[in-house]
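We count ligands from 1, going down the list as the structure has it; atoms in each ligand are counted the same way.
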Amino acid sequence: MVENIKNYLEELKRFTSQKTEEVEQFRVKYLGKKGIINDLFLKFKDVPNEEKREFGQQINNLKQQVLQKIDTLQNALNSQDKIEAKLDFTRPGIPLGLGSRHPVNVVKNKIINIFKKIGFSVADGPEIEDDWHNFTALNMPEYHPARDMQDTFFIEKDPDMVLRTHTSSVQIRYLEQNTPPIRILSPGRVYRNEDISSRSHCMFHQIEGLYVDTDVSFADLKQTLQYFTSELFGKSEIRMRPSYFPFTEPSAEVDVYWGLETETDYRITKGTGWLEILGCGMVDPNVLKNVNIDPDKYSGFAFGMGIERIVMLMYQIGDIRMFTENDIRILQQFSNEF
Ligand code: DAH
């Protein structure tokens, strides 16, 4: 008998449920007319007198515990019912606002898509770069004054490592690993220590283009850039001004004819109608030699542009700081662009 009570207590401890019917079944099982507790009381009279006192206490203890358990379970059920009564599952949900792409990424993707159509694919390189890929192999030996064109962040622990100052380093990485024909675009972050005003930024984005094959000519370069400007800006009148970059020969800076129709056109072109958009040139034979490509057999062209500058032109953004201020009112204006 006492054994039985122990078993009931065990079962009682283990029992739990969040269903009303199950709690009710449990209640009937113990406290119902033909339930366990009543059954035990019926057996009480058969217990020898000297055991009656202890047996009685045990039945009462069991009953108390059953009552307590049922009380706890029912309370839990009631509060759950209350929560569910308050929730209206038929109401429409709170809409979660979708984010939008950053304008720099929007324009980067546009540029990639334009060049994809003529066979360019995307290549990546590290932002922490060694001297060879960022400078030396690009025909900028140590102590060459051209290194001063880009103020460099050096890595303190290893002066051979820098934060890349341009995406041109990817030209070298790709040329080292691949053989012509090569047609790549390489977008990414670049870093310069241009501490000249609070407006200047130490990080910005560039996109690099490189085409190396047999018989690549300056005419190919010009045609490609004309195709590019007409696709991106809807303007195909360009001019190429002679310039200097160590890794191209000849080198040029490219202006697009923006027009002089509105006041803004006057302002952004300083009254000339022309806007500078990128640097370019024919890959210097020294660069090809540095990556073991025969410059007598192959030639190529390259170009590089700052993405922020292009975005500012396209969307008439007046201040480069807007790109990093994360003002949601700016970002939201690009929610329909990809
Ligand atoms: N790397 C140059 C810069 O950061 C841009 C550039 C100019 C890239 C001419 C080129 C190029 O590939 O041919 O100012």
Would you kindly say whether Thr152 and Asn193 are connected by a side-chain donor-acceptor distance under 3.5 Å? no
Please write down residue, atom name and distance for the protein heavy atom closest to atom 12 (O) of ligand 1. Glu208 OE2, 2.6 Å
State the atoms of ligand 1, each with its element, that fall below the 4.0 Å cut-off from a heavy-atom position in Thr248. 13 (O)
Go through ligand 1 atom by atom and flag the ones less than 4.0 Å from a non-hydrogen atom of Phe245. 7 (C), 9 (C)
Within the 4.0 Å heavy-atom shell around Gly281, which atoms of ligand 1 are there? 13 (O)
Kindly compute the distance separating CG (Asp296) from NZ (Lys289), expressed to the nearest 0.5 Å. 8.0 Å
What atoms of ligand 1 come within less than 4.0 Å of a heavy atom belonging to Ala302? 12 (O), 13 (O)
Pull out every atom of ligand 1 sitting under 4.0 Å from any heavy atom of Ser168, numbered as shown with elements. 1 (N), 8 (C)
Please confirm whether the ring centroid of Phe153 lies under 6.0 Å from the ring centroid of Tyr191. no
Hey, can you tell me if Phe303 and Phe120 have their rings parallel, tilted or perpendicular (30° and 60° cut-offs)? tilted
Would you say Met282 contacts ligand 1, with heavy atoms under 4.0 Å as the rule? no
Decide whether Gln206 and Thr167 meet the rule of one side-chain donor and one side-chain acceptor closer than 3.5 Å. yes
Parallel, tilted or perpendicular, judged at 30° and 60°: which one describes the rings of His102 and Phe323? tilted
Distance only, no hydrogens: is a donor on one side chain within 3.5 Å (strictly under) of an acceptor on the other, for Tyr30 and Glu11? yes
Kindly determine whether His133 and Gln171 satisfy side chain to side chain donor-acceptor pair (under 3.5 Å), including the steps that lead there. CA-CA 8 Å; His133 293 95; Gln171 289 189 31; over 6 Å; no
shortest atom 14 (O) of ligand 1-to-protein heavy-atom contact is with Arg192 NH2, 3.7 Å
What residue and atom, counting heavy atoms only, is the protein's closest point to atom 2 (C) of ligand 1, and at what distance? Phe247 CZ, 3.8 Å
Going by the order shown, which atoms of ligand 1 are within less than 4.0 Å of some heavy atom of Cys280? 9 (C), 11 (C), 13 (O)
Counting from 1, what ligand 1 atoms have a heavy atom of Gln171 closer than 4.0 Å? 12 (O)
Gln206 neighbourhood, listing ligand 1 atoms whose heavy-atom distance to it stays under 4.0 Å: 3 (C), 4 (O)
